[in-house]
Amino acid sequence: MSNTKQKLLIFFAAISAGTLLISNLAAVKLWDFFGIAVDGGVVVFPLTYIIGDLIVECYGKKIADSVIISGFAVNVAAVIVFCSITALSDNPGNMQSSMQDILDCTPRIIVASFIAYVSSNLLNNAVFMKMKSGNSVFANSFVARALASSAFAHLIDTAVFETIAFIGVLSFHELLMQASFAYLLGFGFEFVLAPLEAWIAGNLKRRMKEYQNDNRFSFEITDKIPGTLGRAGIIHTPHGDIKTPAFMSVGTKGEVRFLTMEELKSINAQAMLSNGYHLRNTSKEIAKQGGLAEWSKWNGPTLTDSGGFQIMSLGSGCGKVVSMEREREVTNAEIKDRLAHVKEDGVHFKDPFTNQDDFIGPEESMQIQCRIGADIHMAYDELTSLADSYEYNVEALARTERWALRSLKEHKKRCDSLGYHQALYGVIQGGRWEDLRRSTCKKFAQMDFDGYGLGGAFLKESLGEILRWCNEELPEHKPRHLLGLSHPDDILIGIEKGADTFDCVAPTREARHGKIYTRHGNFNLAKAIYASDEKTLDSPCDCPTCQAGWTRGQLRALMKSQDNEERRQYYKLATLHNLRFIIRLTEEARAAILNGTFREYKEAFMKDYYHDTRTE
């Protein structure tokens, strides 16, 4: 526990005990409210729930319960001292009777207050934590669970206190009226203070959050592939380390489809990439909950992209053109048919889901990404298509370089706004031309980026050459992310040419459509020949699906089922397998780099997977 967190806990414990003591003293005084007898502590006591909610939110139930018990012990000691003092013989003077009036014990009220305090506050903590761990609206809203837990706790407190303190003293009607008024007044007081309570909780959580790596971003190289640009390393982020080479699972909207975060961790996923474009309208809510890692419940390293790919897909209309053979003869959409239009200030586009006009420029992209709060962001860029000319690539690249400077400037203003440091990568464009690639890499190398995204549109056979052009010019001591590629040969070539991390939707998307990855190539599970196949998807395979013994025939039956739940089960099981395959590939490549056998590993893998001996 950090020093800040320890100091604040001491403060909370003192305030909690003090509030209870003041409440007990005030409870001795009954005041009249239109004929209803009300104890004086009714306004003060609800503060114990507010303090309790803050402690549970920031420290957990165990510590919160300890604070309650400690406060109870302090107040018991105070009562003993007060009773002992008033029992001493008086020294002549006018103040003695007044002191006795203030400190004298009212046993029933004191006992009632203590029992009500312990029982109601422990219940409040238990209900609060139960709601926090669920999947309802209460799990995502501090105000909702604070008020809901307090509603139960106030009910217990009022019933216990009023019954023990005043039964036999007040008539049943008077007791009922007093209890009802005390409940409504106490809960109403907390209801009014709920917005302030939520604001305090949000600020405390950001201030008290304990981040890894001294809340900094850095990269270290642990070993290299001799004679190449390839290396193994570790990216250090505030939410954890990424051992490279590594594949980042794509959770477009903050989750990998059909997988829980526990399942994602079970396949040794190290990081998750989400889409800044698709999360832009949710970004403010994500910021309120402490950033992407906490909002998504991933609680590990994260990355967001800038929206450059969406510019191309909405603008040129080409869709994904990176490393796909079928895009050799691609043509751009007519300008009049485009949903996005690139200008110097940014991109003006029509949202295809809402049909509303929208705009994102470099500043807006940085604001969105800093609200989302991934550990790594991508600078705003324009991704060209294979159909764009050299002349247009020159124009677009110059614009991307200007946008990079604007992105850096805006990012520096906001990169620590959520309490942890958020890094920024510059995105390299330049199409398939060596002069453009090398010149822009030299310029980006002089900018204050934490790393680099290797983007652009190019054919598969050009990948290794283009990566070499880029990484020979970029600083060696900064990490590089190859955007949007996940085929095994692309990853192995990328590693050899100096890329550190990778991402792509292909493993999950192809899994849902029946394309299954194995060490000896992929196959289409939808084919009838697999209907009675009793083999697992691959062997040997350490994914949860294969380890559980699911056969190809069983999985094909789930995929072909008309039952939605069965198909969803297939999507999960196939996704787990394909993702684990690609993640394991990067793990094995890293191990091969560290033990000096990468070339042999690559050659053997390519021979098994592609049934040939390609090494380039």
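All residue numbers refer to positions in the sequence shown, counting from 1.
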Centre-to-centre under 6.0 Å for Phe359 and His348, is that the case here?
yes
Side chain to side chain, [X] and [Y], heavy atoms closer than 4.5 Å:
X	Y	value
Asp223	Arg231	no
Tyr570	Phe258	no
Ile428	Leu474	yes

Filter on salt bridge (Lys or Arg N to Asp or Glu O under 4.0 Å), then keep only pairs touching [range], sequence neighbours left out; what's left?
range	result
residues 447-457	Lys412-Asp448
residues 473-483	Lys224-Glu476, Arg438-Glu473
residues 257-283	Glu263-Lys572, Arg280-Asp351, Arg280-Asp358

I'd like to know whether Leu424 forms a side-chain contact (heavy atoms from CB on, under 4.5 Å) with Leu408, so could you lay out the CA-CA distance, the side-chain angles of the two residues, the decisive distance to 0.1 Å, and finally the verdict.
CA-CA 8 Å; Leu424 180 63; Leu408 273 169; 3.9 Å; yes
Between Asn275 and Thr304, do the side chains contain an N or O donor and an N or O acceptor separated by less than 3.5 Å?
no
Salt bridge (charged side-chain N to carboxylate O under 4.0 Å, His left out) between Arg216 and Asp214, intermediate numbers included
CA-CA 5 Å; Arg216 296 178 182 177; Asp214 198 25; 3.5 Å; yes
If the threshold is 4.0 Å, N to carboxylate O, is there a salt bridge linking Glu410 and Arg406?
no
Report the relative orientation of the aromatic rings in Tyr452 and Phe449; use parallel for angles under 30°, tilted for 30 to 60°, perpendicular for over 60°.
perpendicular
Tell me whether Asn215 contacts the main-chain N or O of Gly419 through its side chain, where contact means a donor paired with an acceptor under 3.5 Å.
yes
